[in-house]
**Q** 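Have a look at this one.
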Amino acid sequence: MKPSEATQGTLGNAGETPPAVSVCLHVLKKRTDFLACNKGNYRGVKGFVLQARDRQDGTTDIRVGFTCSKKVGNAVARNRAKRRLREVARLTLPQMGRAGWDYVLIGKREVTATRDFQVMLSDMKYALKKVHE
RNA sequence: GCGGAUGGCUGGAUGGCCGCACGUCUUCGGGCGUGAGGAAAGUCCGGACUUCAUGAAGCAAAGGCGGCGGGUAACGCCCGCCCGGGGUAACCCGAGGGAAAGCGCAACAGAAAGCAAACUACCUGUCUUCGGACGGGAAAAGGUGAAACGGUGGGGUAAGAGCCCACCACGGUGAUGGUAACAUCACUGGUAUGGCAAGCCCCGCCUGAAGCAAAACCAAGUAGGAACCGCGCGGCCUGUAAGGGUCGGGGCCGCUUUAGCCCCAGCAGGUUCGGGUGGUUGCAAGAGCGCAUCAGUAAUGAUGCGCCCAGAUGAAUGGUCAUCAAGGGCUUCGGCCUGAACAAAAUCCGGCUUACAGGCCAUCCGCGAAA
RNA sequence: GCCGCUGUAGCUCAGAUGGUAGAGCACGUCAUUCGUAAUGAUGUGGCCGGAGGUUCAAGUCCUCUCAGCGGCA
């Protein structure tokens, strides 16, 4: 993770950053919700895997879940990967997510915890575009 | 200074913007406070706590511990000492009771693997076909093996042997020192007592079982099931009957004894429990931490003062940027690059074990004139 | 979080009471057949998950450790 000149300008602008995840998003807690997303649209990018599904139950909440299994690494690596995924979701989903959809982000070994954060954000935008098609 | 030994500490810092969990205040906009470790890990020991088992005593089984003394709530931990081994030394290592209570094991090799015996060789008697055969003595030498019934030296003898002597080792007795393990000294014995108990076992001591996914409570109330209430209830005696008395059988953690408790036809019904779901409690003031004084060689204890220090449950402590910095690499000596290991609570404590980049401190030892 | 179980040949498993590690399938070679399969004979292949310890000697006994798997509201 090298700080590059290009990324310095876009970060640090407080006006663009959205408020907390919990205000706009709900967190998935049920195992059945995760399994349902597993059958939905699927897109893998270098840093992680995105799954999405239109619930079609009339509600307009955007819900999001995170999965980092033991394959990702030990407890330290799993926590770190999950936090970065949560931050990615917080910065993108309120603008680009669709109402009434569920999203699940799955961490990958080594990559999720170490990939440059700006690249992860553009990965997410690309994956969302593909998953909505 | 170089090379070591031991014990301990630390294991990034500051700030900006956005964000998370809990607590608290609120004018509901938000503000304030706190927020991973020395191992949070492995789950190897010991407890607290909770539930289950009817109480007590004894026995058995199973498992563990094991020099001595002390510390502790307790321990398989810690401290001090003893013994044995290693190291020039500082110091380190040791599952360190019993093999003269008993059973068992030792492949291959070797004459022989634990009662002792005798293959080659040694000494000697008789016979001899001069190759040797048979008998006696003896256990030093040879070879085998991981291990062969004390070791070294001398005397002694036909050859030899604790057969005798000196020293060492070992056993027994006594004295002295020490709380003790044990040590030292004196006398004495003359081979008895080889190894393995992380083989069975013996001796001494300890242990009821499960575990916070334990467990308690609340909400909602359904399929199949269990218990209790009610009707009613084993044999015998007495009684017209109600009732009373007496004798049994079975169950209550492996066994026994004793005390006590429960059950012993069936069922339309009523009540409750239990199974699954969600939530609350358990769940954060404790064998707590820091400092000082005193007792003690120390582990540790006592007293005083001060402090409050995570509490999640698809599981919070993050993302990003800047500055600084120990250290490392390159160097044209201007500087440039890099820039933190092992690893994250899940009921809580005391330990052990394992992982760990780098840095710091203290004490001690050897070499060296000294640094 | 707590409690258990298993690691042996390429694969599936044996291995009592410590003493030269075995079986089946697979693989190689040969025979049989005009040729293949099947069948028969024969051979190769293991530091027994890793590191220490006890012992003369450890797959086996003890301790630590690393993987994999299962159960518990």
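Scope of the values below: all heavy atoms of this structure, side chains included, with no hydrogens, waters or symmetry mates. From a predicted model like this one, the values you see are computed outputs, not experimental measurements. Chain naming here is simple, since letters A, B, ... match the order of the sequence lines and numbering starts at 1 in each.
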**Q** Between B:U317, B:A343, B:G19, spot the one nearest the side chain of A:Arg90, thanks.
**A** B:G19
**Q** In terms of side-chain heavy atoms of A:Asn79, which of B:G319, B:A36, B:U317 is nearest?
**A** B:A36
**Q** Is there a side-chain polar atom (N or O) of A:Arg80 under 4.0 Å from OP1 or OP2 of B:A344?
**A** no
**Q** Indicate yes or no for a side-chain donor-acceptor contact from A:Arg84 to the backbone of A:Thr112 under 3.5 Å, with no hydrogens or angles considered.
**A** yes
**Q** Determine whether the aromatic ring of A:Phe34 stacks with the base of B:G314, defined as ring centroids separated by less than 5.5 Å and ring planes inclined by less than 30°.
**A** yes
**Q** Report the glycosidic orientation of B:A175: syn if within 90° of 0, anti in every other case.
**A** anti
**Q** Taking CZ in A:Phe34 as the centre, count heavy atoms belonging to other residues, nucleotides or ligands within less than 6.0 Å. Is the count above 12?
**A** yes
**Q** If I pick the C1' atom on B:U323 and the same atom on B:C349, what distance separates them, to the nearest angstrom?
**A** 43 Å
**Q** Is the glycosidic angle of B:G254 within 90° of 0, making it syn, or outside that range, making it anti?
**A** anti
**Q** Compare the minimum distances between each of B:U317, B:G314, B:A344 and the side chain of A:Arg86, then state the nucleotide with the smallest one.
**A** B:U317
**Q** Are any side-chain N or O atoms of A:Asn41 and backbone N or O atoms of A:Val131, one a donor and one an acceptor, separated by less than 3.5 Å?
**A** yes
**Q** Send over the distance from A:Arg78 CZ to B:A345 C1', rounded to a whole Å.
**A** 14 Å
**Q** Where the side chain of A:Glu87 is defined as all heavy atoms beyond and including C-beta, which of B:A344, B:U317, B:G318 is the nearest nucleotide?
**A** B:G318
**Q** Report yes or no: is there a donor-acceptor pair, N or O only, under 3.5 Å between the side chain of A:Asn74 and the base of B:A343?
**A** no
**Q** Nearest-nucleotide wise, let me know which of A:Lys82 and A:Ala77 is further upstream toward the 5' end of RNA chain B.
**A** A:Lys82
**Q** Would you sketch RNA chain C in dot-bracket for me? Only Watson-Crick or G-U wobble pairs with both distances under 3.5 Å count, crossing pairs as [ ], other-strand pairs as |, the rest as dots.
**A** (((((((..((((.....[..)))).(((((.......))))).....(((((..]....)))))))))))).
**Q** Using the P atom in both, what is the distance from B:G319 to B:C352, to the nearest Å?
**A** 34 Å
**Q** A:Asp116 has an atom CG; how far is it from atom P of B:U320, in whole Å?
**A** 8 Å
**Q** Decide, for B:A325, between syn and anti: a glycosidic angle within 90° of 0 counts as syn, anything else as anti.
**A** anti
**Q** I'd like to check A:Phe48 versus A:Arg115 (side-chain heavy atoms, cut-off strictly below 4.5 Å). Are they in contact?
**A** no
